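These notes concern the structure reproduced below.
Here is the naming used below: chain letters follow the sequence lines, and residue numbers restart at 1 for every chain. From a predicted model like this one, the values you see are computed outputs, not experimental measurements. Computed over heavy atoms, backbone and side chain alike; hydrogens, waters and symmetry mates excluded.
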Amino acid sequence: MAYWLMKSEPDVFSIDDLANRPQKVEQWDGVRNYQARNFLRDQMKKGDSVLFYHSSCKTPAVVGIAEVIKEGYPDHTASNPESDYYDPKSTPDNPRWYMVDIRYVRHLEKPVTLSQMKANQSLINNELPLIQKGSRLSVMPITKEQWQIILSLE
DNA sequence: GCCAACGTTGGC
DNA sequence: GCCAACGTTGGC
């Protein structure tokens, strides 16, 4: 089983929104970055664990846990002209963008903040992608060690 | 294939 | 709101 970290802006979609969804499930649409797309399409597997991270907000932090319940499939928002995520270069025959479905597992007892993680020597030594300079990926793989260290901070 | 211009991300 | 870092676009 693999481990992932996924970013979301809480003003757009928060861990509470996920918890309040029917079945607690959300389609993770709107990813428009090739490296992240490749992870969604090729590597995320049913049963993988996800850290849910709030970005672009007052206190950026890991706030909860989710799991992958449906593996990569075409992101239909790319072919919807009404969608903010519409991409005319993506076609149903040759979809450019992919998404997965995730299901809420739980909130962290206490969010683990970005500043906490940046100050953690184990995470620095382990080169957690989130705290690398210039890291902008919205979907990133993390190791079991990184997963355990982050949860030990909760 | 290079690279300047532009757009986006996301912390601060 | 600022700006550094990064990704994409498109002319040449």
Side-chain angles (χ1 to χ4, degrees), chain A residues 2-21 26-44 48-66 68 72-102 104-143 145-154:
Chain A
Y3 300 87
W4 304 90
L5 184 145
M6 297 171 88
K7 296 180 183 175
S8 186
E9 299 183 26
D11 290 347
V12 178
F13 189 80
S14 71
I15 187 72
D16 293 331
D17 293 328
L18 180 63
N20 290 327
R21 276 291 144 107
E26 176 71 0
Q27 300 181 329
W28 205 259
D29 59 20
V31 172
R32 295 293 179 266
N33 169 282
Y34 288 104
Q35 202 179 345
R37 187 278 310 270
N38 292 346
F39 290 138
L40 293 169
R41 186 188 60 189
D42 305 332
Q43 289 187 241
M44 295 186 84
D48 284 357
S49 294
V50 174
L51 291 176
F52 195 109
Y53 176 83
H54 280 173
S55 67
S56 292
C57 57
K58 194 170 177 192
T59 308
V62 174
V63 292
I65 295 174
V68 177
Y73 61 106
D75 179 348
H76 53 70
T77 63
S79 51
N80 174 10
E82 305 291 305
S83 170
D84 288 345
Y85 303 124
Y86 177 57
D87 180 355
K89 292 177 190 154
S90 183
T91 64
D93 284 347
N94 189 16
R96 176 174 295 198
W97 305 114
Y98 282 73
M99 59 187 177
V100 298
D101 291 357
I102 64 167
Y104 174 82
V105 175
R106 67 175 179 88
H107 281 62
L108 297 197
E109 290 168 37
K110 214 178 147 195
V112 175
T113 66
L114 180 61
S115 62
Q116 272 180 285
M117 292 186 276
K118 281 185 166 171
N120 184 282
Q121 195 59 48
S122 301
L123 290 176
I124 294 169
N125 294 342
N126 270 285
E127 299 178 335
L128 180 69
L130 183 72
I131 60 175
Q132 301 309 305
K133 185 169 179 170
S135 157
R136 283 175 23 176
L137 266 185
S138 63
V139 176
M140 65 183 77
I142 62 174
T143 67
E145 285 82 12
Q146 291 162 353
W147 172 277
Q148 288 170 341
I149 295 163
I150 291 168
L151 289 186
S152 77
L153 299 174
E154 115 176 80

Point to revise | Nearest-angstrom distance from the residue atom CG of A/D87 to C1' of B/dT8 | key: 15 Å
Point to revise | Atom-pair distance (CG on A/L130; P on B/dG11), nearest Å | key: 8 Å
Revision key, fill the gap. A/R32 atom CZ is separated from B/dT9 atom P, nearest whole Å, by 11 Å
**Study point:** Presence of A/Y53 side-chain N/O under 4.0 Å of B/dG11 phosphate oxygens OP1/OP2
**Key:** yes
Exercise for review: Calculate the interatomic distance between A/I131 atom CD1 and B/dT9 atom C1'; express it in whole Å.
Suggested key: 18 Å
**Study point:** Closest listed nucleotide, where the reference is the side chain of A/Q35 and the choices are C/dG7, C/dT8, B/dG10
**Key:** C/dG7
Practice item. Give a yes or no on whether the ring-centroid distance for A/F39 and A/W28 is below 6.0 angstrom. Key: no
Review point. So which nucleotide from B/dG11, C/dT9, B/dT8 ends up closest to the side chain of A/R136?
Key: B/dT8
**Study point:** Rounded distance in Å - NZ (A/K89) to P (C/dT8)
**Key:** 11 Å
Practice item. Determine whether the side chains of A/N80 and A/Y85 contain a donor N or O and an acceptor N or O closer than 3.5 Å. Key: no
Check your understanding: Taking the six-membered ring for Trp, are the ring centroids of A/Y104 and A/H107 within less than 6.0 Å of each other?
Key -> yes
Revision key, fill the gap. To the nearest angstrom, the CG-C1' distance between A/L114 and B/dG10 comes to 10 Å
Practice item. Using a 4.0 Å heavy-atom cut-off across all strands, classify A/K118 as base, sugar-phosphate, or nothing. Key: sugar-phosphate
Check your understanding: Nearest-Å distance, CG (A/D84) to P (B/dG7)?
Key -> 18 Å
Check your understanding: Once you round it to whole Å, what is the distance between P of C/dG7 and CG of A/L137?
Key -> 8 Å
**Study point:** Centroid-centroid under 6.0 Å between A/Y73 and A/W97 rings
**Key:** no
Revision key, fill the gap. Which of B/dC12, C/dG7, C/dA5 is nearest the side chain of A/K133? It is C/dA5
